[in-house]
Amino acid sequence: MASSELTSSQPSRPPRPNLAFRQLRGQRSPAEFAAAVRRAAREIGERVSCDARYVGRVEAGEIRCPNYAYERVFLHMFPGRTLTDLGFAPRSSVRGRRARGEEDAPPVRTTSPACTTSETRGARDPYDPLNPQDPYGLYDRPYGTEQSHENHEESDVLRRAFMTGGGATVAAASLGPLGLAFDAAAAERPVRRVGGREADALEEAVRRIRLLDDRHGADGLYRRAAAPLRAAYALLDAGTTRQATGDRLHAGAGELAISVGWLAHDSGRFDDARSHYAEALATARMAGDPALEAHAFCNTSFLARDAGRPREAVRAAQAAQRVARALGSSRLMSLLTLREAGGWAGLADRTGCEQALVRAQALFGRGHSDADPEWMSFYGEAELEALEAQCWSILGNWPRAARHASRAAQLQDPHFTRNIALYTAELADDLARGGRPDEAAAAGMQVLDLLDQVQSSRVQTMLAGTARVLLPHRRASGVSAFLERHASVPRTA
């Protein structure tokens, strides 16, 4: 997809502050209000990445109308009110005119004479829930977007890299080789100093890749994520005049490195994942960012456990806990303690594992706080149960592992399709190894039903292991049908 700009015939208008929304915030700080928004989203099964900066953009009038996910959350928070009551503009006025015909489209200037494009901004309605450019409604349109298109090229690189259609196949296609080749070349060219727009785009890219992984798994995304990551580090090299913007860019680049590392990790590319996590850790230490450092150590511990280095898993998890203590998030400490428990299980240290599990559960029980990192939205009761199931599975206690895996699958939010497939695959494997082949086959069938939505080598590897365990039990109820259907499923390259 080539980069394009729209030449506007109308000047952009300055945003008008949203005083009604500011009044609704009351005495709460922007960070406190953002935490309330995230809590309200969880109550209705939505997933939004609201922070103090988003609240500030709304109050400044930069976001004239929220996307559909935020709309549902705000109307849940303030029942009986409309978007207009909350100070937002009517959606119809933000959408602008209907899609224009080709002859009415404004002139388009491409950034490279070798590249052409068949798309123009504004040709589709980004607030349409069926819009293939933004099917999940993740992007809020700032005031005057249709009139002003002066974003730097690197900002476009990052935004376009994660603008996708529905389904894993379309998601992968939208990050196709042609687009990435062009984007990579753009990222390597000399750039001006960058600012808030680029930081916004980088942070949005991280959110998008996490959402796609939650829904579809890593296999269709990893190879296409390298160019956005190079673009992110090109932004750091370009420099910025404001320290706050530089801090955001470093944090965003580090988080993107972790996200790309996770795609490599989940698709079985452990060496690549280790390299990306190390890059994130180096970025965190250069920037003096303890939150990013804790996140990098957290993923490094998880990778070490999966790669058969349990002692490294314990040490990395303990290092993460030392860094994270000052951050004030009990949920983060709970997750890091579970990473430590996984390492102890790999060392066959049942006592150390059980002690860590008890600490993790106690920390989890303290509940959410405003200090919880945005990236931890996946960590709820379902993930807690799943990680404990993995510990008992490593220790060979299959019945106990199956109980926790079953609870994880039942508790998981339906938005996290990939995790539902993963937890159910874990359940199938635990049941098979625990001598319950008929139940294992039934669980395996549920996973097979999800494979058209999820592309995850981790899930496929677990399912293949389950199939091998079930081979001697072909005559058990449902086992033969599962084995035949599993054998017909194409394997991930």
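Taking OG1 of Thr424 as the reference point, atom CD of Gln412 lies at 9.5 Å (rounded to 0.5 Å). Atom SG of Cys353 sits about 10.0 Å away from atom CG of Leu347, to the nearest 0.5 Å. Atom CZ of Arg436 sits about 8.0 Å away from atom CG of Leu427, to the nearest 0.5 Å. Put simply, CG on Asp372 and OG on Ser329 are 3.5 Å apart, with the number rounded to the nearest 0.5 Å. Distance check, rounded to the nearest 0.5 Å: CZ of Arg311 to CG of Asp349 gives 9.0 Å. Taking CZ from Arg331 and CE from Met376, the interatomic distance works out to 7.5 Å, rounded to the nearest 0.5 Å.
The side-chain heavy atoms of Trp392 and Leu357, taken from C-beta on, include a pair separated by under 4.5 Å. Arg400 places none of its side-chain heavy atoms less than 4.5 Å from the side chain of Asp430. Put simply, the side chain of Glu484 does not reach to within 4.5 Å of the side chain of Ser488, judged on heavy atoms. Between Val58 and Pro66 there is no side-chain heavy-atom pair separated by less than 4.5 Å. Residues Leu292 and Ile258 are in side-chain contact: their nearest non-hydrogen atoms beyond the backbone lie under 4.5 Å apart. Side-chain contact between Leu422 and Met462 is present, with at least one heavy-atom pair separated by less than 4.5 Å. Inter-residue side-chain proximity for Val447 and Ile420 is flagged as unmet; no heavy-atom pair is nearer than 4.5 Å. You'll find the side chain of Val37 reaches within 4.5 Å of the side chain of Tyr70, heavy atoms only.
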Take Glu374 and Arg38, measure what salt bridge (Lys or Arg N to Asp or Glu O under 4.0 Å) needs, and give me the verdict at the end. CA-CA 9 Å; Glu374 179 183 323; Arg38 296 195 299 271; over 6 Å; no

Verdict with supporting geometry, Leu384 and His404, side chain to side chain contact (heavy atoms under 4.5 Å, CB included): CA-CA 9 Å; Leu384 174 70; His404 287 286; over 6 Å; no

Check step by step if side chain to side chain contact (heavy atoms under 4.5 Å, CB included) holds for Asp429 and Arg433. CA-CA 6 Å; Asp429 197 61; Arg433 296 177 190 278; 2.8 Å; yes

Could you give me the CA-CA distance, side-chain angles and deciding distance for Asp266 and Arg418, then say whether salt bridge (Lys or Arg N to Asp or Glu O under 4.0 Å) is met? CA-CA 11 Å; Asp266 195 43; Arg418 179 259 180 199; 2.6 Å; yes

Kindly determine whether Arg72 and Leu75 satisfy side chain to side chain contact (heavy atoms under 4.5 Å, CB included), including the steps that lead there. CA-CA 5 Å; Arg72 288 188 285 270; Leu75 296 184; over 6 Å; no

When you look at Leu451 and Val459, which way does the side chain to side chain contact (heavy atoms under 4.5 Å, CB included) test go after all the steps? CA-CA 9 Å; Leu451 290 187; Val459 172; 4.2 Å; yes

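Residues Ser334 and Tyr379 share a closest heavy-atom pair of OG-OH, 2.6 Å. When all heavy atoms of Leu332 and Pro373 are compared, the closest pair comes out as CD2-CG, 4.1 Å. Nearest heavy atom pair, residue Ala320 against residue Cys298, reads CB-N, 4.1 Å. Nearest approach of Thr466 to Ala428, heavy atoms of both residues: CG2-O, 3.8 Å. Across all non-hydrogen atoms, the minimal contact from Ala291 to Leu327 is CA-CD1, 3.7 Å. Shortest non-hydrogen contact noted between Arg474 and Leu471 is CG-O, 3.2 Å.
Other residues, nucleotides and ligands contribute at most 12 non-hydrogen atoms within 6.0 Å of the CZ atom of Arg315.
The closest donor-acceptor contact from the side chain of Ser275 to the backbone of Asp271 lies at 3.5 Å or more, if one exists at all. Between the side chain of Glu340 and the backbone N or O of Leu336, no donor-acceptor pair lies under 3.5 Å. Proximity of a side-chain donor or acceptor of Thr337 to a complementary backbone N or O of Met333 within less than 3.5 Å is detected. No donor-acceptor pair under 3.5 Å is formed between the side chain of Ser393 and the backbone N or O of Ala389.
With sequence neighbours excluded, the residues that form a side chain to side chain contact (heavy atoms under 4.5 Å, CB included) with Ala52 are Pro30, Ala31. Residues passing the ring-ring contact (aromatic ring centres under 6.0 Å, His included) test with Phe482, sequence neighbours excluded: His486. Residues passing the ring-ring contact (aromatic ring centres under 6.0 Å, His included) test with Phe33 are Phe21, sequence neighbours excluded. Contacts of Arg42 classified as salt bridge (charged side-chain N to carboxylate O under 4.0 Å, His left out), with partners at least two apart in sequence or in another chain: none.
Two rings, from Tyr277 and Phe297, have their centers 6.0 Å or more apart.
The aromatic rings of His265 and Phe270 sit perpendicular to each other, their planes meeting at more than 60°, with 30° as the lower class boundary.
Among pairs with a residue in residues 378-391, those fulfilling salt bridge (Lys or Arg N to Asp or Glu O under 4.0 Å) read Glu385-Arg407, at least two apart in sequence or across chains. Screening residues 295-307 for salt bridge (Lys or Arg N to Asp or Glu O under 4.0 Å), with sequence neighbours left out, gives Asp306-Arg458.
No side-chain N or O of Ser259 forms a donor-acceptor pair with one of Glu255 less than 3.5 Å apart. Ser406 and Tyr423 are not linked by any side-chain donor-acceptor pair at a separation below 3.5 angstrom, with hydrogens and angles left out of the test.
Classification of Asp449 and Arg485 as a salt-bridged pair holds, one side-chain N sitting under 4.0 Å from a carboxylate O. Under the 4.0 Å criterion applied to side-chain N and carboxylate O atoms, Arg39 and Asp370 are assigned as salt-bridge partners.
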